[in-house]
Amino acid sequence: MPVSVLVVDDSAMARKMLIRALPPDWDITVTQVSNGSDALAHYRQGGVDVMFLDLTMPEMDGYQVLATLRSEDLNCLVIVVSADIQEAAQARVRAMGAIAFIKKPVDTERVRAVLKEYGLLV
């Protein structure tokens with residue numbers, strides 16, 4: 001059964017680059033949205049196994065999405081993908097429940113390593 005992946009970023013180019021960085025042998029279905037509000041709406045409609053989440057977006061940013069996921073006890077693995085590589089930002093998203101932080105531009109090997117670490121890829 002394929003893993004349901006949600007890619008959340010306000011930049012169409014960033015979403016495209018991230019999807020290209022996903023392992024080609026990973027059995028997934030990918031959905032894309034451009035803001036946090038749409039991410040939560042999609043999650044609530046049918047569930048998401050893995051969410052790749054940008055931090056800086058209009059309407060609802062990544063921090064707000066993480067806070068909502070946590071407060072509503074929604075359950076998915078969140079991997080933050082951001083150009084904001086400050087240690088404080090990384091610590092904050094991990095404290096809010098993100099399992100990993102990947103800096104932009106996305107590195108294919110880093111994505112693969114995170115997926116393997118969490119048993120999402122063999």
Asker: Can you give me the closest heavy-atom contact between Arg94 and Ala100, atom names plus distance?
Answerer: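 Looking at all heavy atoms of both residues, the shortest contact is NH2-CA, 3.7 Å.
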Asker: I'd like to know if the side chain of Tyr43 reaches the main chain of Met51, judged simply by a donor and an acceptor atom lying under 3.5 Å from each other, with no hydrogens or angles considered.
Answerer: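 Side chain of Tyr43 to backbone of Met51, a donor-acceptor pair under 3.5 Å: no, none is there.
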Asker: Between Ser82 and Gln90, does the side-chain contact (heavy atoms from CB on, under 4.5 Å) criterion hold? Intermediate values first, please.
Answerer: CA-CA 9 Å; Ser82 179; Gln90 293 182 43; over 6 Å; no
Asker: Provide the closest heavy-atom pair for Met96 versus Tyr63 in the form atom of the first, atom of the second, distance.
Answerer: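 Minimum heavy-atom separation between Met96 and Tyr63: CE-O, 3.1 Å.
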Asker: Inspect the surroundings of CE in Met60 and state if more than 12 heavy atoms from other residues, nucleotides or ligands are less than 6.0 Å away.
Answerer: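 Correct, the count exceeds 12.
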Asker: Nearest 0.5 Å, please: how far is CG in Leu40 from CD in Glu59?
Answerer: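 Nearest 0.5 Å value for the CD-CG distance: 11.5 Å.
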Asker: Name every donor-acceptor pair, under 3.5 Å, that has one atom in a side chain of residues 65-73 and the other anywhere in the protein, sequence neighbours excluded.
Answerer:
from, atom 1, to, atom 2, distance (Å)
Thr68, OG1, Gln64, O, 2.9
Arg70, NH1, Ala95, O, 2.8
Arg70, NH2, Ala95, O, 3.4
Ser71, OG, Ala67, O, 3.4
Ser71, OG, Thr68, O, 3.2
Glu72, OE1, Arg44, NE, 3.2
Glu72, OE1, Arg44, NH2, 2.9
Glu72, OE2, Arg44, NH2, 2.7

Asker: On a heavy-atom basis, which atom in Arg15 and which in Ser34 lie closest, and how many Å separate them?
Answerer: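 What the structure gives for the nearest pair is NH1-CB, 3.6 Å.
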Asker: Checking Arg20 side chain against Thr108 main chain: does a donor-acceptor pair fall under 3.5 Å?
Answerer: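 Answer holds: no.
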Asker: Who else is in Ile28's hydrophobic cluster (ILVMFWY, side-chain heavy atoms under 4.5 Å, direct or via others)?
Answerer: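 Its cluster mates, by chain and number, are Val3, Val5, Val7, Leu18, Ile19, Leu22, Trp26, Val30, Val50, Phe52, Leu77, Ile79, Val81, Ile99, Ile102, Val106, Val111, Val114, Leu115, Tyr118, Leu120, Leu121.
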Asker: Leu53 and Gly62: which non-hydrogen atoms are nearest, and at how many Å?
Answerer: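 That closest heavy-atom pairing would be CD2-O, 3.6 Å.
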Asker: Could you tell me the separation between the CG atom of Asn35 and the CG atom of Asp10, rounded to the nearest 0.5 Å?
Answerer: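 So the CG of Asn35 and the CG of Asp10 are separated by 8.5 Å.
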Asker: Less than 4.0 Å between a side-chain N and a carboxylate O, is that true for Asp84 and Lys103?
Answerer: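 Looking at Lys103 and Asp84, the cut-off is not met.
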Asker: Is there side-chain contact between Val33 and Val8, with at least one heavy-atom pair below 4.5 Å?
Answerer: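 Yes, close enough: below the 4.5 Å cut-off.
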Asker: For the CD atom of Gln86 and the CZ atom of Phe101, what is their distance to the nearest 0.5 Å?
Answerer: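 That separation rounds to 9.0 Å.
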Asker: Considering all heavy atoms of both residues, which atom of Gly36 and which atom of Met57 are nearest to each other, and what is their separation?
Answerer: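 That would be N-CE, 3.9 Å.
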Asker: Salt bridge check, Asp9 against Lys16: does any charged N sit closer than 4.0 Å to a carboxylate O?
Answerer: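 Not counted as a salt bridge, because no side-chain N and carboxylate O are separated by less than 4.0 Å.
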